[in-house]
Each structure stands twice: as structure tokens, then as C-alpha cells.
There are 2 protein chains.
Amino acid sequence: MALMSKNPAAPPVPTRDRLLDAFEELLVEGGERSATLDAVAAAAAVSKGGLLYHFASKDALVDAMLARLVALAREDAENIRTAPAGPVDYLIRTSVHTGSPLDRAYIAGSRLAQGRDLRARQVLTEIRRRWLSVIEDAVHDTDTAQAIMLISDGLYVNSSLAERELTPPTHTDEAMTRLIALIGRLLPST
Amino acid sequence: MALMSKNPAAPPVPTRDRLLDAFEELLVEGGERSATLDAVAAAAAVSKGGLLYHFASKDALVDAMLARLVALAREDAENIRTAPAGPVDYLIRTSVHTGSPLDRAYIAGSRLAQGRDLRARQVLTEIRRRWLSVIEDAVHDTDTAQAIMLISDGLYVNSSLAERELTPPTHTDEAMTRLIALIGRLLPST
DNA sequence: TTTACTGTACCGGCTAGACGGTATACTTGT
DNA sequence: ACAAGTATACCGTCTAGCCGGTACAGTAAA
């Protein structure tokens, strides 16, 4: 009785954000090709005119999406740095597809980066540079940090590719724990 | 004098292959969106009609491309297994973008896998499964093998993303050597 | 009145694909 | 030997539909 499908006091998600969500979702699910203006508008239950009211062009939509990604990544870098279980543990565990907003935005961004979009490539490169520097600070060794980043990248690829197929969950929590233990061996014994 | 731009006795590359090459190249450079039939035909210096003579539909073009990828990957798995410097060394060194036919085909395939193409996803999953099994045979430890595959995947991502930007070559031969040494630490000390 | 849209109609360019035609080489019957 | 037919390997044109974008008239709420 107290639980409705939505908290009645919760402000509705602004149309602008719903449009960005829909854009990301389409990119993640079907790549650049699927993410047309018509499809985005339909997925957000907004008319095409409404979409173009908020974003004057597809370019503007991309810009806004990337800006949101950058903001989320900035927060995340802080989360990695201050994670109780340590930066490496946090980074690795959040590299599998968890469905978090950052996850979705990051994968959406990498879909665009596969195309000719220079901005997307630059944003992704910058984000990874930032993550790398956090890990470097944590492990005090460039080569090791780089290897850890590669594993993180690999996890992203795997989970965004194998996604929702008939594959039994490869990257279980337990598997992640073992992987992190394994990564421990990379650390120079100080 | 003896060297012309081409061996005069060399048979010209068949149009069919040139079309597949062009298709891959466009996918690698600009993603699914760039790889239209018109663009493929133009890049191969063939009319659109000519393209459709060899491949009755875009689907057929994709099928042929994936078939070639599978064939190349099959050969490669054998190369990994029998590499003089060992499977891990070979796998890691060939995970950076070398411009080899397999490289190009693999990246082209992963561009398609970003979209809705089920076949591409299945093919890539299958290829990685094959590689993993070779590495498993070599290192006798599932977790370690999986970690090595993740690093390999990460290298692919990095080199296909940062490709030909103003980034100084991150993955030099020397860096690869150090990475491989690092990976050595993952191996259980038998 | 302004903000935040909806809905419709339209346009130019692109996209996949169909189709008819053509040049050339090879085969077959006589 | 030669005409007739067939297969191969394309070229050039056309079309239906999609895509990004424009334009604009209307509406409902604050």
C-alpha cells in the first residue's frame, strides 16, 4: 500500500535526462546504427520535435551525453581512490557490467568511439588516463598499474560483448575475488 | 630494375577479396556506420552493381567477412600453440594492432559485434574461447589463463582506440617485453 | 506570458537493393 | 571453322524508404 510503482513524492525524471538515458540505452544495445533521433525520441516517449527542443542536433545530444559521462567518471575516480577495499579491488569489481549509470555511459561512449567521433575517443582516452593515474598512485609501479588497467579494459570488453547471451555468468563475485587475488601477485614485493 | 611495384607474374588480387578488404578497412576506420555498400564499392574501385554481383546482400558480405575471420583465427590458434617463444609471448605481442590480416578482420568483427549482429558476437566469442583454451593448455591454470586473456583483450581495445592519434607509441616492443615479464609473475610457481 | 512540449508536414541526401545492359571468354553443335 | 549459346564479371540507373534536420501551428501547465 505504501509502495507504489514510484515514490509519489519523487520528482519525475526530467525529459532531458530521459532522452540522454534513451540515447545511451540504444547505443549500448544496438550500437551507433540503432541510435537514430527517431529511435531516441520514441524510446524516451517524446516526440521528435520534443527531442530537438532539448538538443538542437544530434551533435548536441552526443556532447551532452559525453559531458554526463565525464562528470560520472570524475566522481568515480574519487570513489576508486577512497574505496575501503582499496582502489584495485574497486576498479576490478566495477569493470564488469553492473548496470550502473557510469557503466552504461562508458559503454555508450565506447560505441561512439568505434565510429568516427573524435570527441568520444578523446573523452574515453582522458577517462582511462585518469583511472590509470589513480591506480599508479595506489600500486607505485607504472608497469603494474598499466597491466591492471588492461585487465579492467578486458573485463569491460567481455561483459559488454557476452552480455545477456546464454552464457552462464562468467564473472561471478567469486571469480572476481580470485582474479583480484591473482593480480596481487603482480605487485612488486616491497 | 628487377623490382617493379608488383611482381609482374603475380596474379591480381581478386575483386571479391578486394571488396572484403575494403569492407574490413571501413569498419576498422569508421565503424558500422561508415561501412555502407556504396562506400565499400568505392573503396574497392568497383561499382555497386559489381559488389552486389559478388555479394547478393550486405548480409552476405558480413557472412563472408566473418567466414574469413574464422579461418584466419583458426590458423592463428595453431600459431599460438606452436610459437617458439611460447604461447603467452605470442598472444600478447600480437594483441597490439600490427596491421596483420587477422588483426584487421578481428577488429572489423568486433565493430559489427557492437551493433545488433548476433553472428559477429558468436564468432568473436568462439574465437576467444579457442584462444583461451590454448593458453589454458600452456599455463595449466584456468584463472591465470583468464587473466592473460583479459590483458590481451585490453591491449586490443587500447590499440584500436588510441590508434593513430597524437599518442606516442605506448605499446613499444620494449613495453611488451616488460608486460610479458610481469605476466610471468601470475604463473603459479611450480 | 513563458516554458515545455506534441504533431504533422516536409526536404535533401543517403542506403540497400533491384534490374537491365554489356564485354569477354569458353563451349558446343554442325 | 564458325555460328550460337552460355557463364562470368562486371557497370549504370533507378527506387522505396530511412535519417537528420527544419518549420510551424497548437496545447497545457505554472
Side-chain angles (χ1 to χ4, degrees), chain A residues 6 8-66 68 108 111-120, chain B residues 10-66 68 108 111-112 114-120:
Chain A
K6 277 200 173 190
V13 179
T15 302
R16 202 188 123 94
D17 292 329
R18 270 177 24 237
L19 285 165
L20 289 176
D21 291 346
F23 185 39
E24 285 179 359
E25 198 62 28
L26 283 163
L27 280 172
V28 171
E29 298 294 324
E32 345 166 40
R33 205 116 196 215
S34 317
T36 67
L37 293 187
D38 281 310
V40 171
V46 168
S47 71
K48 193 175 174 181
L51 193 171
L52 288 163
Y53 171 77
H54 288 284
F55 305 101
S57 68
K58 195 169 190 182
D59 246 43
L61 185 62
V62 170
D63 280 338
M65 199 271 270
L66 292 177
R68 209 170 68 163
R111 300 291 197 225
L112 288 181
Q114 305 277 301
R116 297 216 175 279
D117 202 306
L118 235 290
R119 295 162 297 175
Chain B
V13 179
T15 302
R16 202 188 123 93
D17 293 329
R18 274 180 17 239
L19 286 165
L20 288 176
D21 291 345
F23 185 40
E24 284 179 358
E25 197 64 26
L26 284 162
L27 281 171
V28 171
E29 299 292 323
E32 351 165 37
R33 202 109 195 225
S34 316
T36 66
L37 292 187
D38 280 311
V40 171
V46 167
S47 74
K48 197 170 174 181
L51 192 171
L52 287 163
Y53 169 76
H54 288 283
F55 304 100
S57 69
K58 196 168 189 182
D59 246 43
L61 185 62
V62 170
D63 279 337
M65 200 272 271
L66 291 177
R68 211 170 66 163
R111 300 293 197 222
L112 287 182
Q114 305 277 302
R116 296 216 175 279
D117 201 308
L118 235 289
R119 295 161 298 173

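Chain identifiers are assigned alphabetically (A, B, ...) following the order of the sequence lines, protein sequences preceding nucleic acid strands; residue numbering begins at 1 within each chain.
- Rounded to a whole Å, the NZ atom of A:Lys58 is 8 Å from the C1' atom of D:dG20.
- Rounded to whole angstrom, the span from the CG atom of A:Asp59 across to the C1' atom of D:dC19 amounts to 15 Å.
- Using a 4.5 Å heavy-atom cutoff, the side chains of B:Asp63 and B:Phe55 are not in contact.
- Within the 4.0 angstrom heavy-atom criterion, base atoms lie near B:Leu52.
- For the pair A:His54 and C:dC5, the criterion of a side-chain N or O lying under 4.0 Å from OP1 or OP2 is met.
- Atom P of nucleotide D:dT13 and atom CG of B:Asp38 are separated by 13 Å, given to the nearest angstrom.
- Here the shortest heavy-atom pairing between A:Arg16 and A:Ala64 reads NH2-CB, 3.9 Å.
- For B:Thr15 and D:dC10, the shortest distance from a side-chain N or O to OP1 or OP2 is below 4.0 Å.
- With rounding to whole Å, A:Leu26 atom CG is found 11 Å from D:dC19 atom P.
- Here D:dG21 presents its P atom at 9 Å from NZ of A:Lys48, a figure rounded to the nearest Å.
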key: Verdict with supporting geometry, A:Arg33 and B:Asp117, salt bridge (Lys or Arg N to Asp or Glu O under 4.0 Å)   = CA-CA 11 Å; A:Arg33 205 116 196 215; B:Asp117 201 308; over 6 Å; no
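- Side-chain atoms of A:Thr15 and A:Leu51, non-hydrogen and from C-beta on, never get closer than 4.5 Å to each other.
- Rounded to whole Å, atom P of C:dA4 lies 13 Å from atom CZ of A:Phe55.
- Distances from the side chain of B:Thr36 to the nucleotides D:dC11, C:dC5, C:dT15 place C:dT15 closest.
- Toward the 5' end of DNA chain C, the nearer of the two residues B:Ala35 and A:Arg16, judged by each one's closest nucleotide, is A:Arg16.
- Using a 4.0 Å heavy-atom cutoff across all strands shown, B:Arg33 reaches sugar-phosphate atoms only and no base atom.
- Residues meeting the side-chain contact (heavy atoms from CB on, under 4.5 Å) test with B:Ser34, sequence neighbours left out: A:Arg116.
- Contacts of A:Ala41 with the nucleic acid, taken as non-hydrogen atoms under 4.0 Å apart, are absent.
- Per the geometry, CG belonging to B:Asp17 stands 15 Å off C1' belonging to D:dA9, to the nearest Å.
- Nucleotides of DNA chain D nearest to A:Leu37 and A:Gly49 differ in position, and the one nearer the 5' end is that of A:Leu37.
- Separating the OH atom of B:Tyr53 from the P atom of C:dG20 is a distance of 17 Å, rounded to the nearest angstrom.
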